[in-house]
Trainee: 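Below is the structure I would like to discuss, written out as structure tokens.
Just the heavy atoms: all of them, side chains too, but no hydrogens, waters or symmetry mates, feed the values below. Naming convention: chains lettered A, B, ... in sequence-line order (proteins, then strands); numbering from 1 in each chain.
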Amino acid sequence: MGKHYIPNSADREEMLKEMGLSSIEELFSDVPKGMVKEFNLPEGKSEYEVFLELNEVLSKNRTVLEMPSFLGAGTYFHYVPAHVRYLIERSEFLTAYTPYQPEISQGMLQALFEYQSLIAELVGLPIVNSSMYDWGTAMAEAALMSARVTKRNKFVVPRHLSPEKRRILGTYTTGPGLEVVEVPWNERGQMDLEKLKEAVEGAAGVYVEVPNFFGLLEEDVREIGEIAHEAGALFVVGVDPTILGIVEAPGELGADVVVGEAAYFGNPMNFGGPRAGIFATRNDRKLVRQMPGRIIGMTRTADGERAFVMTLQTREQHIRRAKATSNICSNEALVAVAAAIHLATLGPKGLRELGETVLKNTAYLKKRLSEIAEVPFEGVNFKDVLLRFEKPYGKIHEALLERNIHGGYYVGEHFPELGESALFAATETTKKEWIDALVEALKEVA
Amino acid sequence: MGKHYIPNSADREEMLKEMGLSSIEELFSDVPKGMVKEFNLPEGKSEYEVFLELNEVLSKNRTVLEMPSFLGAGTYFHYVPAHVRYLIERSEFLTAYTPYQPEISQGMLQALFEYQSLIAELVGLPIVNSSMYDWGTAMAEAALMSARVTKRNKFVVPRHLSPEKRRILGTYTTGPGLEVVEVPWNERGQMDLEKLKEAVEGAAGVYVEVPNFFGLLEEDVREIGEIAHEAGALFVVGVDPTILGIVEAPGELGADVVVGEAAYFGNPMNFGGPRAGIFATRNDRKLVRQMPGRIIGMTRTADGERAFVMTLQTREQHIRRAKATSNICSNEALVAVAAAIHLATLGPKGLRELGETVLKNTAYLKKRLSEIAEVPFEGVNFKDVLLRFEKPYGKIHEALLERNIHGGYYVGEHFPELGESALFAATETTKKEWIDALVEALKEVA
Amino acid sequence: WDEPLIFELSRAGRVGYTLPKPIEDVEVEIPEKLRRKSPLDLPELSEPEVVRHYTRLSEMNYGVDSGIYPLGSCTMKYNPKINEEMANHPGVAYVHPYQDERTVQGALKVMWELEQWLKEITGMDRFTLQPAAGANGEFTGVSIIRAYHIDRGDTERTEMLVPDSAHGTNPASAAMAGFKVVEIPSNENGTVDLEALESAVSERTAGLMLTNPNTLGIFEDEILEIARIVHEAGGLLYYDGANLNGILGKVRPGDMGFDVVHLNLHKTFSTPHGGGGPGSGPVGVKDFLKDYLPVPLVGYDEENDRYYLDYDVPKSIGKVKELYGNFAVMVRALTYLKVMGADGLREASEVAVLNANYIAKKLKGTKGYELPHKELRKHEVVFSAEPMKRETGVKALDVAKRLLDFGLHAPTIYFPLIVHEALMIEPTETVSREELDAYVEALRRISDEAYSNPEIVKAAPHNTAVRRVDDVIAAKRPIITWRMYRELGEKGDIDI
Amino acid sequence: WDEPLIFELSRAGRVGYTLPKPIEDVEVEIPEKLRRKSPLDLPELSEPEVVRHYTRLSEMNYGVDSGIYPLGSCTMKYNPKINEEMANHPGVAYVHPYQDERTVQGALKVMWELEQWLKEITGMDRFTLQPAAGANGEFTGVSIIRAYHIDRGDTERTEMLVPDSAHGTNPASAAMAGFKVVEIPSNENGTVDLEALESAVSERTAGLMLTNPNTLGIFEDEILEIARIVHEAGGLLYYDGANLNGILGKVRPGDMGFDVVHLNLHKTFSTPHGGGGPGSGPVGVKDFLKDYLPVPLVGYDEENDRYYLDYDVPKSIGKVKELYGNFAVMVRALTYLKVMGADGLREASEVAVLNANYIAKKLKGTKGYELPHKELRKHEVVFSAEPMKRETGVKALDVAKRLLDFGLHAPTIYFPLIVHEALMIEPTETVSREELDAYVEALRRISDEAYSNPEIVKAAPHNTAVRRVDDVIAAKRPIITWRMYRELGEKGDIDI
């Protein structure tokens, strides 16, 4: 098998003859003797057999369509309008590579320029790159960037950061030797400003999220930014962009760099990937020169017509090599284009309505869950709600599963001080019946 | 809802003003008073809600991927290579209409020309239209055509014709008052030639199928054609085109008209539709002038370049109106293109291999089933195998279903002389384990 | 843009397919008399080559997603992608039509629900979803009318009345069902001439086939009178649903007096046209005709919440298509209906009508184009380029070809037959005002060109993938298949 | 071809979305300090307009399905459509990464199986599938090397050796992980200069990053010697899998002495590149390094036939990407592997190498192009247009642009840096001989033009959607977003 993808399978002999060779092996004569081997792998199968086999394997996954799920904690079930997938599956987008030849890649270049532009409107900063791998790596790159810009080596983060992001930050900061300092949360489940003031001295950057890991809106974003700036640190804001129809653009709240997850628009959960990290900054040469990632710019052609092209490449690895601002090359272009198409479909009204719907559904979830368990933090929640149970959460989770309901994300493991707590999440896709069924089930088991 | 498909929803007022109107109602002032009404229908829902609802409804269907099925009898589970669906979903094909403007429709025109060409190679006749609705209606149209060509009004068919086709033929022949005469099968389950000779006198056409309704290869096709021709009738052959890599082209066996089902290539079962009828004939003006359906032809442009265009349209309803050869207008173009892509992918070697694989799998099915029940007819089977049980088939069927196996198609209802018989089918998609499980189950219950 | 035929791309030995191995590798002999001996000249290509070929062909085609596609009477509205998503559900693709009812409750529910929507939209009492397309539906409908009369012993009703503005499928379908077609002229308003109708009806009248709004886009405002005349003569009224988009969600054929209707799911209900199909042409009837519908119907047993196929239709005309019709198309239409709802459907027809009248208003008065009959239209408008032809020699065909140069699809031309040099424009509700403005602007510019430099219009198109295609030579010496082309080539008798 | 920006298509009031209604219509107050007050300048369009816009944009783009795409080192092979079908399975799209293990056995099995394939293909003992792309994989790999040395108390190994022919990501990744990069020159054969390597290694050497075949397409035939030198100095050997397609299914990095490898699922394993991503860059290690891999790994409990996420990796470097990596890409790669099998993979590399050498052989000797270093190549071949530039002024860039005029994608140019005016051609195994011939023919024709009429080449492209794009002005006055463009426009400071 496999030959059906390989036109010249049938032409091998003739081509070899034309080239004056007698066998393919001659083309591998530079490989040390004995290194060419037979592998212990199955032979190829027909497409039908593979389809049947993988369909069976993948059908073993229980989807959120079959089983109401209240998982969030950084990954959310948003609905992707059908036309988004349809459009990004057009082969001209899907099978292209990085637009090295702008004259035959204007479509992808313009789509990415539009992505950058749409994100710029959301976050309130004019410079946006065409994607990082995800929110977590974007945040880590922002930490490295802040160190390059300020020539300092401490990065301040909230203690209430997702374990995913915290671990990534740890890995990324090891090489350059950045110190990561955690600021605890206060009684409202938000960053403690007094503790921040203690931690900020000598910091390269300060990071805060809206909403935070507990699903709460961090109200003091502007103040945190001021504290950071006073200390000479960059202010990095992480944001769930689906909230930005109703919450102020971080750029307007003082952010120097905004990171976040673009794949919340236009992309399914895909068991966690691919996604696409937002990376935006102010139009300040010092910052732009130090930012990571690929950037598409508007320019003109030899005829003076408008056109698009990759730009500011001297920051990048293929030119600057060891001195590049980042090693990123392949990014998440198609994920970004899907996000752009979804955003263009929502428009300003849709984005606001989406935010409000999520807000209201989360409020309903919180209200109903508060009938069952302790809600440790007041405040406004968006998607995630932290809930503290008296019984061990593992058992509750088990009992919910038996009732074909997937409960929340257990946080007690990472934050022992929170006890038997879990994050339950709602989005615009959450149905009232699901929440009501959850509450009924919890009444029995929690 | 619905407005998201309607750009000018937002522009209504301005447009009306520009037109000197004050309300939409003025545009409906020609409708008799009281006729405009509110309907008793639900309001629109969001795409997500509809997706969720229909996903749930459609998931109630048990698919042949979840439950081995031995149904055939005119509809078969063939595998459609993924690239076929991918290509016909390209919007330039999918959302186009009949290529009335050839200058911007060369893609669809050429694809349909290629469909016609591929079918011509299979059936061995040079004139092929660009599709009928399905095999059944193509056969009925062939009956009408044979009456027009011969100016006779009797059409001879085998008694062992599928109930679907028999009923369609009945409906189509009512208007023009054609008599349908059935020729019984002989002890080999094939058309009885002696009986045919009695029936053929004064016939407009004689119809036979390869394989026949019992899945058997009708061996005497050539002789049947000779009998038809001797009587001055047209010879119409119905064929499952997936067999034509190993069975002689009907055109070579004397057929004047060939009909069949194109959707066996490149199209899923879709609960029975859409599909696409093959219609082919000899290059004889008398026949071509009387044939139904749309035809794409090769021509040239004003520049002398090769191009494609709809042709021989004077037979068609939009020109000839009541005197047209058929009323067909919309046909099954995209289904035909899918079939063409699949056929082009198979090539001569693939088509032969497909035929042989089906043949061998059917032989295995027949061999194993003969351990359980009576096989009334010897001979070579392709896909379908007739099996006669001692117990009532309904109960056996029920017992199989309980074991998550879908049994065959009960024919006793339509052919009481066959008793408790059913057609069981195999194709290239049938797995050995499925047949073995069926046999095991039958051993218990039959 | 010059893509070879797939046969010309073939190279011996290339393979594009994979197949599972047979269960047992036994030899099964095809009887000698049937064994294939004739050559099988199919192309040999690898999968990437097949994909590239058809990708390139697709790029040589214009679809609704490419831009405005205002083919009159074709209702080329945008095809929502959620329709495709639902139609590709495994619960559609991998389901056999003969499966036990208990295993296809989802499919039957889809059909049953769709029928309920269509009944309410049209004011009919029962629907068959079996017909594969509009014409197949027409044949079904007139066959029902025929069966009805004969069943009542009324065997001399052999005439079907059809207005001169009707689609060609109407007379063709009537003829197929064995009727003699009697043409009814239109009056100066473009509607049915009542006097002519009065004098045409008789005891031989089986029925009248009517489109409303008609093919001029004009609403038959005397429809109730028309219905009275036909019914009093003992005939039935047949509704051709091709133009339903002009009244969708607002007015119902059933309330106008129609006894039988067919719909086009691929027009009014947004399923894609696929280059000419698959479509779907459900037929609805009033209660007194439901026993004549094709088998099977879909029934619902409310008590047991069970859907079933109902073959118990005592006077059924039989079948007009295999199985239950184009199920995958029905799934698309039901998806559309649920998203649109009553409010969305009404909005659709209102804006479709608004858009058509907007074009009428804006284009009217442009030199060379004439708007015959009354001005108020529904979903489409028919201009005549007769003045232009007379004054400049530029024909409707030339105008159509020149539109292609502006990246726009042409309207339907030379139809309806009662308008000379007809340009039949149906924008639908899914185009924007800017697209309408651009369309009118292009037609105006073509008018300017016709009167200043007619040659540029007559020689159009200039900017398309290929120049004007010669359909005369195509019909004169037909080359229908590669086989014919190859044979002509072998004889040296070819110049293409 | 002049498609406006989506912002320019916006019309106030248009709506393209639908959303379900909130569960309860209560007012939830956003804290005043956080409430959005700044304007939200997003475009307003209906769904059909959005679809038409992006359909048109797609038509302004060249992909693998459009034709040959021989970007060197990018392995632009055909992307089988069955990969997409499997990746679109609901069991992929609608699955949350934190679901209970029992509800995602299918997903975990896919990851586990993929790992088994990759282990055998590379000769490694354990893989992480977490890295999102090649560079992310490199960072993972060198971080592992760093952790390994430090863990052993070998804290002074701060240097990473990288050949001068390496991809830019190699030094960049090493630097990100905190290494000092030491460049190793190539010898006249285009392979690693062993003497230079000998003198570069020391007790500071952490490792050597190598691509084999290298970026010239040349197999490092002294790889065993290279491995010996690095290992004896205490360093580890890192394999950059970008060029694995040249030896796939025949030779394994593990057998060459490599300790760490990364692969590119989007290159070698046929997942589409998506205009620059998503990719996937799994990293494999020899047994002694497996305790340093990122968390979680996927484990398999054979006894209970249960797959699980394993966070118990004692010396893990942590995480390099959220969750488990680009799962949907993994599904595609596994689909490909199962269809290809051992035989198909071997065939792929053999024909990829055949095709590259075919181009080398056919183009060699054409005036203006030079084939530096040895002739035998693997999956790609690098020509130099230095003679052409010297003799006619036509640069590699001009040759690339002129190729676009023939409907062909250009090769990678100006890389590797050690070849002047480099044209780096990687045809892959999924193009046909006719496409190779056409490519060579086009390059020859450009050579003719360069020597007879150089201006036509220098001014290329002429037939593309847009003329040559000015990247100098783009960098000089960056316009990165609509917001910047609008602001410049408001200042009247814009000429585009």
Trainee: Which region of B/Q106, side chain (C-beta onward) or backbone (N, CA, C, O), has a non-hydrogen atom less than 4.5 Å from a non-hydrogen atom of chain C, or is it both or neither?
Mentor: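 When you check distances to chain C, atoms from both the backbone and side chain of B/Q106 fall under 4.5 Å.
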
Trainee: Where does B/R306 contact chain C at under 4.5 Å (heavy atoms): side chain, backbone, both or neither?
Mentor: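 The answer is both parts of B/R306.
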
Trainee: Which bit of B/I341 comes within less than 4.5 Å of chain C, counting heavy atoms only: side chain, backbone, both or neither?
Mentor: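 Backbone plus side chain of B/I341, per the 4.5 Å heavy-atom cut-off to chain C.
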
Trainee: Check whether B/A324 gets within reach of chain C through its side chain, its backbone, both or neither, counting any heavy atom under 4.5 Å.
Mentor: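 Contact with chain C involves the side chain of B/A324 alone.
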
Trainee: What orientation do C/F327 and B/F271 show, parallel under 30°, tilted 30 to 60°, or perpendicular over 60°?
Mentor: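 The rings of C/F327 and B/F271 stand perpendicular, inter-plane angle above 60°.
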
Trainee: Heavy-atom distances under 4.5 Å only: say whether C/Y324 touches chain B with side chain, backbone, both or neither.
Mentor: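 C/Y324 touches chain B through side-chain heavy atoms alone.
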
Trainee: Side chain, backbone, both or neither: which part of B/N283 has an atom under 4.5 Å from a heavy atom of chain C?
Mentor: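 Only the side chain of B/N283 comes within 4.5 Å of chain C.
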
Trainee: Parallel, tilted or perpendicular for C/H409 and C/Y62, by the 30°/60° rule?
Mentor: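 C/H409 vs C/Y62 ring planes: tilted.
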
Trainee: Counting heavy-atom pairs closer than 4.5 Å to chain B, which one of C/D221, C/T169, C/T335, C/V181 comes out on top?
Mentor: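 Of C/D221, C/T169, C/T335, C/V181, C/T169 has the most heavy-atom pairs under 4.5 Å with chain B.
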
Trainee: Less than 4.5 Å to any heavy atom of chain B: does that hold for the side chain of C/V295, its backbone, both, or neither?
Mentor: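 For C/V295, side-chain heavy atoms alone lie under 4.5 Å from chain B.
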
Trainee: For B/E164 and C/K319: C-alpha separation, side-chain torsions, deciding distance, then whether salt bridge (charged side-chain N to carboxylate O under 4.0 Å, His left out) applies.
Mentor: CA-CA 7 Å; B/E164 297 290 333; C/K319 288 183 75 69; 3.3 Å; yes

Trainee: Tell me if a side-chain donor or acceptor on B/R294 pairs with a main-chain N or O of B/N331 at a distance below 3.5 Å.
Mentor: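 Judged by distance alone, no pair lies under 3.5 Å.
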
Trainee: Side chain, backbone, both or neither: which part of B/L87 has a heavy atom under 4.5 Å from chain C?
Mentor: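 For B/L87, the side chain is the part near chain C, not the backbone.
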
Trainee: Counting N and O atoms only, with roles assigned by atom type, does the side chain of C/Q99 sit under 3.5 Å from a partner on the main chain of C/H96, one being a donor and the other an acceptor?
Mentor: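 Checked: pair present.
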
Trainee: At a 4.5 Å cut-off on heavy atoms, which part of B/L122 comes close to chain C: side chain, backbone, both, or neither?
Mentor: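 When you check distances to chain C, atoms from both the backbone and side chain of B/L122 fall under 4.5 Å.
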
Trainee: Tell me, for B/I24 versus chain C, whether the close heavy atoms (under 4.5 Å) come from the side chain, the backbone, both or neither.
Mentor: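 B/I24 touches chain C through side-chain heavy atoms alone.
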
Trainee: Where on B/Q313 is there a heavy atom nearer than 4.5 Å to chain C: the side chain, the backbone, both, or neither?
Mentor: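 Contact with chain C involves no heavy atom of B/Q313 at all.
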
Trainee: Counting heavy-atom pairs under 4.5 Å with chain B, which one of C/A107, C/A177, C/G279, C/S143 comes out on top?
Mentor: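 Greatest number of close heavy-atom pairs with chain B: C/A107.
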
Trainee: Counting only non-hydrogen atoms closer than 4.5 Å, does B/V50 touch chain C with its backbone (N, CA, C, O), its side chain (CB onward), both, or neither?
Mentor: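 Looking at B/V50, just its side chain touches chain C.
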
Trainee: Against chain C, label B/V221 side chain, backbone, both or neither, depending on which of its atoms sit under 4.5 Å from a heavy atom there.
Mentor: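 For B/V221, side-chain heavy atoms alone lie under 4.5 Å from chain C.
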
Trainee: Can you tell me if B/T75 and B/R275 form a side-chain donor-acceptor pair at under 3.5 Å?
Mentor: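 A pair is found: one side chain offers a donor N or O, the other an acceptor, under 3.5 Å apart.
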
Trainee: Yes or no on side chain to side chain donor-acceptor pair (under 3.5 Å) for B/E353 and C/Y17, after CA distance, side-chain angles and deciding distance?
Mentor: CA-CA 10 Å; B/E353 196 175 318; C/Y17 71 94; 2.6 Å; yes

Trainee: Between B/A120 and chain C, which part of the residue has a heavy atom less than 4.5 Å away: side chain, backbone, both or neither?
Mentor: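 Both backbone and side chain.
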
Trainee: Of the listed residues (B/T137, B/I328, B/V288, B/D303), which shares the most heavy-atom pairs with chain C below a 4.5 Å separation?
Mentor: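 Ranked by heavy-atom pairs under 4.5 Å with chain C, first place is B/D303.
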
Trainee: Taking B/D134 for its side chain and C/E322 for its backbone only, find out whether a donor-acceptor pair lies under 3.5 Å.
Mentor: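 Present.
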
Trainee: Using the six-membered ring wherever Trp is involved, compare the ring planes of C/Y98 and B/Y409 and label them parallel, tilted or perpendicular (cut-offs 30° and 60°).
Mentor: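 Aromatic pair C/Y98/B/Y409 classed parallel.
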
Trainee: With a 4.5 angstrom heavy-atom cut-off, could you sort out which part of B/P126 is near chain C: side chain, backbone, both or neither?
Mentor: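 Backbone plus side chain of B/P126, per the 4.5 Å heavy-atom cut-off to chain C.
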
Trainee: With only heavy atoms counted, which part of B/T311 is less than 4.5 Å from chain C, the side chain, the backbone, both or neither?
Mentor: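 Looking at B/T311, just its side chain touches chain C.
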
Trainee: Which atoms of C/E120 come close to chain B, meaning under 4.5 Å heavy atom to heavy atom: side chain ones, backbone ones, both, or neither?
Mentor: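 Contact with chain B involves both backbone and side-chain atoms of C/E120.
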
Trainee: Are C/T464 and B/E103 linked by a side-chain donor-acceptor pair shorter than 3.5 Å?
Mentor: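 No pair is found: no donor N or O on one side chain lies under 3.5 Å from an acceptor on the other.
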
Trainee: Does one side chain, of C/N61 or C/S58, offer a donor that lies under 3.5 Å from an acceptor on the other?
Mentor: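 No, no side-chain donor-acceptor contact under 3.5 Å.
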
Trainee: Do you see a donor-acceptor pair shorter than 3.5 Å between the side chains of B/S330 and B/Y97?
Mentor: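 Yes, B/Y97 and B/S330 have a side-chain donor paired with an acceptor closer than 3.5 Å.
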
